[in-house]
Amino acid sequence: MPETRTSEIGGKTVNIEDSSSAAEGNQPQRYNPAEIEPKWQAVWDADASLYAADAHDSGKPKYYCLEMLPYPSGALHIGHVRNYAIGDALARHMWMRGYNVLHPMGWDAFGLPAENAALKNGVPPREWTLSNIAAMRKQMQRLGYGYDWAAEVTTCLPDYYRWNQWFFLKMFEKGLAYRKKSKVNWCPECCTVLANEQVIGGRCWRHEDTVVELRDLTQWFLRITKYADELLDGLDKLEGWPEKVRTMQRNWIGRSEGALIDFAVDQGVGSREEGVEGKITVFTTRVDTIFGATSVQLAPEHAVSKAFALEDDKLRMEIEQLLAEQQKARETDALGAIEKHGVNTGRFAVNPFNGERVPIWVANYILGDYGTGAIMSVPAHDERDFEFAQKYGLPVRRVIAPADWTKHEEEHSAQAGAEDVVGKLPYLAEDEALLVDSGEWTGLGCVEAQEKMAAFAKAKGFGTPTVTYRLKDWGVSRQRYWGTPIPMVYCDRCSPEEPLPVAESELPILLPEQIDITQTNGSPLGRVAEFVNAKCPKCGGVARRETDTMDTFVDSSWYFYRYTDAKNSKAPFDSDKANYWFPIDQYIGGVEHAILHLIYSRFWTKVMRDLGLVKNDEPAERLFTQGMVIKDGAKMSKSKGNVVSPDDMIGRYGADATRMYALFAAPPDRDLEWQEEGVAGISRFLGKVYRLTTKYSGAARKAGGGSRVGEGSAKEQALLRRLHQTIAKITQDFDGRWHFNTSISSIMILVNEITANEAAMDAGEISPAAVAEVFRGLILLLAPFAPFFAAEMWEELGGEGVVFRTAWPEVNEELARDEEMEIPVQVNGKLVSVVKVPAGSDEAAVKAAALADPKVMARIEGKTVVKVIVVPGKLVNLVVK
RNA sequence: GCGGAGGUGGCGAAAUUGGCAGACGCACUAGCUUGAGGUGCUAGCGCCGCAAGGCAUAGGGGUUCAAGUCCCCUCCUCCGCACCA
């Protein structure tokens, strides 16, 4: 008897005539990714509109899905495959959910490897880079990632880097870009300076075996510290960012509240060192302990140390020794373990709070570039000061004590003497602790004393409350060729002191193409006369161009804004466009950029906001950091020989299986152990779906599907129920935890259930309409994870339009609901049986069913049931004696 | 040392709220099928035990009718920070 049904899933409503068997006339076929993937790739590559974002007035909600852009090394590694598989699944899912999705890709294309390749093989960096980009773009297309290539950004091309220069000029104008001489990190491998963020444990972020040296150089800096507080406070609002990243940024910014206190130098400092006044300013977070200060400690580089050194050759040599020790420790990242050394200068400083004269020492553990490079040493209440004082026999004077301390002291003096009290030092005060032996401040609580004493110092003119940061300004000069030229010139004639910005109309300052990269000393640009020789923007005379280039992290600090308007030649981007798309809804990348790229780009966004270019304070609403891909328990590396090649995997199992495995093998935020057998397993799974779909596609073509509740055979109901439960589960995963490993496993469960029902489908026990619905649903659920496969199967099923622009299946709640429940029954907390009850059974019914179960009866026979716990829908526990 | 994430079968892992530990996959075993090459299907697969049953989520204690999940202690791995005054 023919009946009419309507399709709810996968496209238009169609009326269809039922036929008796789902498998009618179809022969199952074999899955061959090598055939279907190139087929669809060709179709997709030919249609630029496929993954293009819609117009802003499309009426759809916007969704900006972004993955971190790669460095074009020449080939994607498996970590990229994973990163981009996560982003692509999300983008496709959001398309299917009806969003206007921006999903772009680009290239972080400046950087050292291009120069090294030029040195090694004689290929010009530009050529090397562009051919790598072409190869990697091809790989991405082969993997089936859906990017809007019209928005592609390549940072090494003048149409992009000219805006780096433009931003630099804007920052120079606003005093955010400046030049200064300072101690900077020099990587001997890169032959260039690095920013602090790019030094990891004393080593270069690119060369983990290369120890970074400290050099005194004049460099360009960006004033990121101006935004230190905002960068810090903003972290509290970034609830969509992993706590780990926020913590790392907080630590990196390292805000510390304290006070600056001036200690007058007894008998003056001496006049031979310029800029040295007759005082030493110390930074302390514990001004409340100042009555316990028994010395002042200076960094070896402190101006006063130097001044003293000038007057005393022996002292000078000792200080130089201390400095050398500190530098060596810094370079090998052993600063934390440095053996404390110091030298008594024989001079004295005056504690402004009590007028006491304390000796001035120079010590190797005092850093010249943190705080003021000088501290007051309070051995009784600081572990480091205590250690130093013990070593050199400096007095230890307790000035902070617990509220009940007097009593303790009496006990100690009576029993063991003062020695024992000292043995308990240093005492690190809690908030309730009080000041003792501190003149008029005695008896105050620590916290209160800190405030009052700093205010007092300010009122009396010998100090002030202050805040210091660990964060330093961002050093952006690089002594390399393959980067953005810094748009500044030096004119000896009209501006011998200050560099001059080039006119905005002169941009871009082009990187010369014909260049001989055969040497590695100094910036290669310095040897290119036609580049160096410039006209002075002020006097028109002959001037020298800046030959350093910008840190490549400048490029990646704002590239995602350019995606919104990649072809703009009048501005970095159009503000309206950026304001439509920003903030990024979801940013996905590796955690290794937690305090590099991710702090720079937050800074850049704030600068752009202050320039009036954008409205958002933060670049990305949500951040997701995926785990590493490891092999044989270790990070992949050439030296370990455990590198997995994506091309290999694609060649053997296809792009769909490779990507899908990357999502299946572990939750996306965890590290993933790559096992090739697992990829084979996914390939087998897709093969199974292929066989089933081709076998039953005839039914789908004819039938429109139609979910019926309470109709059809029990098997049909069960199968449809499973489909809708799977839809619910995967929808939930996308909205929540992104545990795509369990999403995919739930699809496998669905497929296993289809397999188990093959005979029923063949026999017509499950109607073709239901079969059609199940297969359409199945393929739509697979679409975000295996796009080539889904496209092919969608076509096979006679689906309308493009599969990943088809509406994401809706859950039919009624259909998804279980009719029966299996309720485990425990006796004294141990599982004894499982009883089946109708869904929604009340407590009494469940209890009755449990007590009627033969296994349960056997177990409780002759015993007293003391208590029955029934958790509706979950379990029954009988407590017996 | 401080902060964070982890520790569950032979392996990758599930268990979102305290409620059947090990879903799903890999590997392995057996049978059937296929057999021109990474095939398909069925069954088994935490450990001990013939079985009944017992024991199992790094280890130890606790709370609870019930603990991988909550609390306390200890151990291990990974990541970040680390004389920052």
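Labels below follow one simple rule: chain letters A, B, ... track the order of the sequence lines, proteins then strands, and each chain is numbered from 1.
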I need the CZ-C1' distance between A:Arg250 and B:G3, as an integer number of Å.
11 Å

Could you tell me whether A:Lys863 atom NZ has more than 12 heavy atoms of other residues or ligands within 6.0 Å of it?
no

Give the rounded distance in Å between these two atoms: CD of A:Glu592 and P of B:C79.
13 Å

Pull out every stem in RNA chain B, meaning runs of 3 or more consecutive Watson-Crick or G-U wobble pairs with both distances under 3.5 Å.
B:1-7 with B:75-81, B:10-12 with B:24-26, B:28-32 with B:40-44, B:46-48 with B:53-55, B:58-62 with B:70-74

Using a cut-off of under 3.5 Å, enumerate the N/O to N/O pairs linking the protein to nucleotides 64-68 of chain B.
from: B:C65; atom 1: O2'; to: A:Asn877; atom 2: ND2; distance (Å): 3.1
from: B:C65; atom 1: O2; to: A:Asn877; atom 2: ND2; distance (Å): 2.6

Can you tell me how far P in B:C26 sits from the matching atom in B:U17, rounded to whole Å?
29 Å

When the C1' atoms of B:G61 and B:A67 are considered, how many whole Å apart are they?
14 Å

Suppose you measure atom P in B:G25 against the same atom in B:U74; what distance do you get, rounded to whole Å?
42 Å

Can any side-chain N or O of A:Gln326 pair as donor or acceptor with the backbone N or O of A:Asn364 at less than 3.5 Å?
yes

What is the per-nucleotide protein-contact pattern of nucleotides 33-48 of chain B, from the 5' end, where B denotes a base atom under 4.0 Å from a protein heavy atom, S denotes such proximity for sugar-phosphate atoms only, and - denotes neither?
-----BSSS-------

To the nearest 0.5 Å, tell me how far A:Gln249 CD sits from A:Leu235 CG.
5.5 Å

Return the polar atom pairs (N/O with N/O) between nucleotides 11-16 of chain B and the protein under 3.5 Å, or none.
from: B:C11; atom 1: O2'; to: A:Gln675; atom 2: NE2; distance (Å): 2.8
from: B:G12; atom 1: O2'; to: A:Ala665; atom 2: O; distance (Å): 2.5
from: B:A13; atom 1: O3'; to: A:Asn741; atom 2: ND2; distance (Å): 3.4
from: B:A14; atom 1: OP1; to: A:Asn741; atom 2: ND2; distance (Å): 2.8
from: B:A15; atom 1: OP1; to: A:Arg737; atom 2: NH2; distance (Å): 2.7
from: B:U16; atom 1: O4; to: A:Gln732; atom 2: OE1; distance (Å): 3.2

Taking the C1' atom in each of B:C45 and B:G10, what is the distance between them to the nearest angstrom?
11 Å

Answer yes or no: is there a donor N or O on one side and an acceptor on the other, between the side chain of A:Asp669 and the main chain of A:Gln626, under 3.5 Å?
no

Okay, side chain of A:Arg722, backbone of A:Ile749: is any donor-acceptor separation there less than 3.5 Å?
no

Any salt bridge linking A:Glu35 with A:Arg30? Criterion: basic side-chain nitrogen under 4.0 Å from a carboxylate oxygen.
no

Look at the aromatic rings of A:Phe740 and A:Trp738 and report parallel, tilted or perpendicular, splitting at 30° and 60°.
parallel

Toward the 5' end of RNA chain B, which comes first, A:Lys874 or A:Asn251, by nearest nucleotide?
A:Lys874

Contact class for A:Ile749 (heavy atom, under 4.0 Å): base, sugar-phosphate, or nothing?
sugar-phosphate

Would you kindly give the CD1-to-P distance between A:Ile261 and B:A85, to the nearest whole Å?
15 Å

Indicate, with a heavy-atom threshold strictly under 4.0 Å, whether A:Gly254 touches base, sugar-phosphate, or nothing.
nothing

Taking atom P of B:A82 as reference, at what distance in whole Å does atom CD1 of A:Ile200 sit?
10 Å

Quick one: do A:Glu243 and A:Arg250 make a salt bridge, cutoff under 4.0 Å?
yes

Is any NZ, NE, NH1 or NH2 atom of the basic residue among A:Lys855 and A:Asp853 found under 4.0 Å from an Asp or Glu carboxylate oxygen of the other?
no

Answer yes if the side chains of A:Asn32 and A:Tyr690 hold a donor-acceptor pair under 3.5 Å, and no otherwise.
no

Greater than 12 external heavy atoms within 6.0 Å of A:Lys472's NZ
yes

Side chain to side chain donor-acceptor pair (under 3.5 Å) pairs touching residues 822-831 of chain A, sequence neighbours excluded, are none

Output the rounded distance in Å from CD1 (A:Ile682) to P (B:A27).
12 Å

Rounded to whole angstrom, note down the C1' distance from B:G9 over to B:A56.
10 Å

Would you check if the distance from the ring center of A:Phe789 to the ring center of A:Tyr31 is below 6.0 Å?
yes

Between A:Glu677 (CD) and B:C26 (P), how many Å, whole number?
10 Å

Partner set under salt bridge (charged side-chain N to carboxylate O under 4.0 Å, His left out) for A:Glu758, not counting sequence neighbours
A:Arg691, A:Lys695

As a test of the definition: with a 90° window around 0 for syn, would you call B:G53 syn or anti?
anti

Is the shortest side-chain N/O distance from A:Lys244 to OP1 or OP2 of B:C78 below 4.0 Å?
no

A:Asp369 near the nucleic acid: base, sugar-phosphate alone, or nothing, with a heavy-atom cut-off under 4.0 Å?
nothing

Can you check the A:His381 NE2 to B:A85 P distance for me, whole Å?
18 Å

Between B:C50 and B:C11, how far apart are the C1' atoms? Round to whole Å, please.
30 Å

Does B:G25 have its OP1 or OP2 closer than 4.0 Å to a side-chain nitrogen or oxygen of A:Asn752?
yes

Separation of B:C24 atom C1' from A:Ile754 atom CD1, nearest Å, is 15 Å

Which whole number of Å gives the distance between the C1' atom of B:G68 and that of B:G59?
14 Å

Any luck finding a side-chain donor-acceptor pair between A:Asp648 and A:Tyr653 under 3.5 Å?
no

Taking the nucleotide of RNA chain B with the closest heavy atom to each, which residue, A:Thr285 or A:Lys830, is nearer the 5' end?
A:Lys830

For the residue pair A:Asp385 and A:Gln297, confirm or rule out a side-chain donor-acceptor distance under 3.5 Å.
no

Any side-chain N or O of A:Ser746 under 4.0 Å from OP1/OP2 of B:A23?
no

Identify whether any heavy atom of A:Ile747 sits under 4.0 Å from a base atom; if not, whether one sits that close to sugar-phosphate; answer base, sugar-phosphate or nothing.
nothing

Taking B:C28 as the reference, what is the distance to B:G12 when you measure between their C1' atoms (whole Å, please)?
15 Å

